[in-house]
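Following: one structure in structure tokens, then a few remarks.
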Amino acid sequence: MANNKTTFFATQIGSILATAGSAVGLGNIWRFPTVTGQNGGAAFILIYLFFNIFLGVACMLTEFIVGRNGASNPLRAYIKAGRHKSWGIIGILSLLCGSLILSFYSVVAGWCVYYLYLAITGGVLGSFDHIQTTFTTLVSTEGIYTCCAISVLFVVLTHLIIVQGVQKGIERASTCMVPLLILLLIVLGIASCSLPGAWKGLEFLFRPDFSKVTAHTFYDAMSMAFFSLSLGTACLVTYASYFRKDANIGRYALQISIIDVLVAILAGITIFPAAFSVGVEPDAGPSLIFLTIPNVFTSAFSPTAGYYLSILFYFLLVLAALTSTISMHEIGTSLLSQELKTSRTMAGNIITVFCSIMGILCALSFSHPDIGLFGSTLFDNFDSFTSKVLMPVGAFATCVLVGWIMPRLTIVRQLTSNARYPWPRFMLELFIFLVKFVCPTLIGIIFVVNIFFTN
Ligand code: TRP
């Protein structure tokens, strides 16, 4: 029961790994290499690093401040921070946002489970035609039952961890899964770099070509940093409410951002050398992990190595997705269990049923595009609505709340954990300046560009 707020993560490392698990996800392993490929490689990575470390850390800290100060679910935390009931709207929007993201994310996570099964049974490798047919069948009317079933399976898997509780479920699972995930990426990275011609991939990844940088590169880097750090959905507010009073949130934020960037770069080191060594374009788009990668495993490695490496790769994706879906599910579970005064299990059931139904509709919308609004599939609707509207609104509101509304004393107390970890004055002023002016302006730009200039 989480009705009375005595729930905390048990250890520092558990708090960091759970939050890092939320940050590290399909965004790092799937989206980051794709967007890096589309934006010309190393130059994009440098810009991404800048946004992740400066703005990402500042925004992450705003959520940590609201969360730990609130010591409750996002609804109450925002009301307490803003000292007005209307701030609760941001908490409610976060519940909606987390649940919608979980719904469409579980579809892709389900594909990863299916590919793990295929990898184990040897069905992921084969001619290019075979690989192509496997994926198109999965998302067509023929594979639709499988597709729906595996996305529900993924939500249920998340549910089973969530109902174990904050320490025994979330913390324990993340403490096992995040280090394992990093280890797997290192193994796969080494295998990929050992391929002939791999250096071309590394060069692409590490030698910046600034001629490829356009205004769009900045915009892509910024949105990627926001999604990757799970900002704007109160996911971090929820997790921060489980941080202990003596947690050094400044250090946490920096460490989580570094883990997030390292995992993204490691994913790049795994994917680009392998892709270049078989002559596949690195900007293959979202099909990268379901078409390009199986092709790489088939043609670049011996059949035995390809078999085992493909299992490791899809297992890695499942782990990465799971540590993220846990955090999305927890937003709603914590909020509903406290507000409806019910158990975590009951609250978890509500979120699981809702997200399973929505997940099925998202999965169905691939083969039945009429399920959706404005000429797009429901999957795309949810993706766009959350990343273009709900997440920027949440992040913007949190910056305004911390930068302009919360008393400075409360902010300083949270940042320094009641003067336990003093901040140099310069750093404090820089943080306040970023949160007051820079972050809201940049988030505002993302919002406007997203709504008016992209389709
Ligand atoms: N950061 C995760 C990724 O990179 C996705 C994610 C997890 C997320 N929790 C979230 C995104 C909460 C938004 C909100 O894949």
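Just so you know, ligand 1 is whichever comes first in the structure, and atom 1 is the first atom listed for that ligand. What you are looking at is a predicted structure, and each value in this text was computed from that prediction instead of being measured. Positions are given from 1, in the same order as the sequence printed here.
- Here the options are L236, T19, L55, the test is side chain to side chain contact (heavy atoms under 4.5 Å, CB included), and the partner is M60; only L236 passes.
- If you run ring-ring contact (aromatic ring centres under 6.0 Å, His included) between W111 and each of Y105, F154, Y314, F366, only F366 comes through.
- Residues lining ligand 1 at a heavy-atom distance below 4.0 Å are given as S22, A23, G25, L26, G27, N28, I101, Y105, F227, S228, S230, T233, C235, S324, S327, M328, M391, ordered by chain and residue number.
- F382 has its side chain within reach of L378: a pair of non-hydrogen atoms, C-beta onward, lies under 4.5 Å apart.
- Smallest separation of non-hydrogen atoms from I29 and A267: CA-CB, 3.9 Å.
- Contact annotation: the side chain of R251 approaches that of Q12 to within less than 4.5 Å [non-hydrogen atoms, C-beta and beyond].
- Side chain of R68 to backbone of F243: no donor-acceptor contact under 3.5 angstrom is found.
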